[in-house]
Number of protein chains: 2
Amino acid sequence: MSPSARRTGRPRSAEADRAILGATRAALVELGWAKLTLGDVAARAGVAKTTLYRRWASKCELVVDAVAAVFDEHLEAGDHGSLHADVEAAVIRLGALLERPETGTALMAVLAEATHDESLRCRVRSAIVDRQKRLVTIGRERARLRGELPREEDPEASARNADLIFDAVAGTVLHRLMVSAEPVDPRWARDFTDLLLYGMTGADAGGAAAAGPAPDGAQKPAGSV
Amino acid sequence: MSPSARRTGRPRSAEADRAILGATRAALVELGWAKLTLGDVAARAGVAKTTLYRRWASKCELVVDAVAAVFDEHLEAGDHGSLHADVEAAVIRLGALLERPETGTALMAVLAEATHDESLRCRVRSAIVDRQKRLVTIGRERARLRGELPREEDPEASARNADLIFDAVAGTVLHRLMVSAEPVDPRWARDFTDLLLYGMTGADAGGAAAAGPAPDGAQKPAGSV
DNA sequence: CCCTTACGCTACGAGTCGTAGCGTAACTCA
DNA sequence: TGAGTTACGCTACGACTCGTAGCGTAAGGG
């Protein structure tokens with residue numbers, strides 16, 4: 001599997017890779033996870049079924065790669081001027097990503113399988129989760145430089161906090177879409193961002209902080225309301 | 001389907017129901033979702049495969065009922081004295097529920113299918129989600145009576161807030177367990193509760209994180225901070 | 001030119017699905 | 001008590017998907 005081991009012989013077709021991943025996404029949209037068969041994907045991609053099995057050991061790994069490609073296209077941690085705006089943008093971006101019929105569904109199904117498959121869980125983590133989690137670290141670092149968050153002395157506690165916040169953001173968005181089956185619209189994104197920044201007690205009080213009693217520390221960006 | 005239509009004839013065996021649902025949970029633990037077959041469940045339960053198909057139209061609906069039974073056994077909204085303690089208890093309870101090998105996995109898989117099946121989504125909602133969501137409403141009402149939360153004038157906004165908080169609690173716990181694959185231990189439950197109540201700005205600043213150099217022990221009596 | 005690897009194609013056994021058919025068991029009502 | 005109704009167990013079945021093996025061919029490297 002090392003690159004040196006592939007120096008010789010016919011190289012794998014990169015175009016076939018793109019066709020297969022694209023066909024996988026198309027099949028996911030049309031059929032959903034359960035009815036998705038590798039034979040169907042191969043037919044859509046215009047390749048032989050055996051070619052699929054030579055590259056991916058299972059349906060799960062194929063779908064992980066197919067979904068990861070979509071996630072990679074939309075990875076951005078642009079600076080929106082404030083912690084509030086950064087979080088809100090991340091929520092909307094993640095919502096738009098998971099609202100796609102091929103991403104959320106597939107992710108849930110793969111995660112379900114990953115419970116019984118350690119290697120699959122690692123693949124999901126490195127291909128999707130960790131890259132998203134990096135955005136949390138970047139955003140928090142930026143907020144610290146702005147003075148919106150206190151400095152973290154303990155790096156271990158800092159990492160724990162980043163994990164917690166990532167679970168909160170990604171988990172809540174995912175739950176909103178997959179369980180509650182409600183859209184991630186701008187109003188919800190703002191309400192959720194308020195909850196994350198100011199907590200239940202603060203955010204609930206002033207009707208989305210519009211007439212809020214001015215929570216200390218962070219000030220609202222001009223964008224909202 | 002109405003009860004009056006079942007007045008006559010041989011009644012369905014309630015014991016068979018219990019055996020089937022129990023066998024489904026056992027099979028989920030052993031085999032996981034993907035390898036779970038209805039034939040296997042029937043064999044474990046000691047019933048004929050046809051009996052299964054007479055009662056449940058699909059594997060999904062069977063699993064929903066099997067998982068819902070577990071959830072129902074652990075529905076409790078006990079008063080723990082404060083909003084913080086109530087939330088923390090709910091987080092731990094939900095975590096313990098989803099940490100079971102038969103619940104989290106199955107729930108994820110069923111939700112993935114529910115994307116393409118409206119009736120299945122309704123079944124999940126009424127059998128599991130709505131009952132859990134009621135606990136949020138109860139807890140918030142109690143907190144309001146304690147004076148920990150302001151009164152909600154607008155009932156529509158109140159319902160929106162309850163939905164948001166439920167998505168946040170359930171989604172974050174689910175994400176922690178299924179995606180991050182980390183346990184819902186007491187320390188994490190406390191950190192998350194702090195985040196929910198006081199927000200990123202508040203919880204990060206004051207919590208135990210900054211206080212102790214390395215509070216590895218993690219045995220922290222309830223109600224501190 | 002030989003070696004190596006990838007590809008397309010076909011065919012196959014194994015396994016699951018969901019249903020049909022039949023005889024029997026359990027319960028209700030007249 | 002007997003007739004009607006529904007549930008159950010069992011067997012068998014066609015249809016489908018899976019994952020692999022075998023073969024000949026295409027595409028690069030030493």
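Residue numbers begin at 1 in each chain, while the letters A, B, ... track the order of the sequences.
- The line from CG of Leu62(B) to CG of Leu28(B) is 8.5 Å long, rounded to the nearest 0.5 Å.
- Side-chain polar atoms of Thr172(B) and Asp167(A) form no donor-acceptor pair below 3.5 angstrom.
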Please assess Asp194(B) against Arg190(B) for the test salt bridge (Lys or Arg N to Asp or Glu O under 4.0 Å), listing each intermediate value before the final yes or no. CA-CA 6 Å; Asp194(B) 287 340; Arg190(B) 189 185 35 121; 5.1 Å; no
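- Closest approach of Arg125(B) to Ala181(A), counting heavy atoms only: NH2-CB, 4.2 Å.
- As a whole-Å value, the separation of Arg12(B) CZ from dA25(C) C1' is 16 Å.
- Between the side chains of Thr193(A) and Asp191(A), no donor N or O sits under 3.5 Å from an acceptor N or O.
- Here the C1' atom of nucleotide dA26(C) and the CD atom of Glu15(B) are 14 Å apart, to the nearest Å.
- Going from atom CG of Leu31(B) over to atom P of dT16(C) covers 10 Å, rounded to whole Å.
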Can you give one letter per nucleotide of nucleotides 17-25 of chain D, 5' to 3': B if a protein heavy atom sits under 4.0 Å from the base, S if only from the sugar-phosphate, - if neither? SSBBB----
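- Distance Leu52(B) CG to dC10(D) C1': 14 Å, rounded to the nearest Å.
- Looking only at side-chain heavy atoms (C-beta outward), Leu195(B) and Leu196(A) come within less than 4.5 Å of each other.
- Closest to the Thr8(B) side chain, of the nucleotides dG8(C), dG4(D), dA6(C), is dG4(D).
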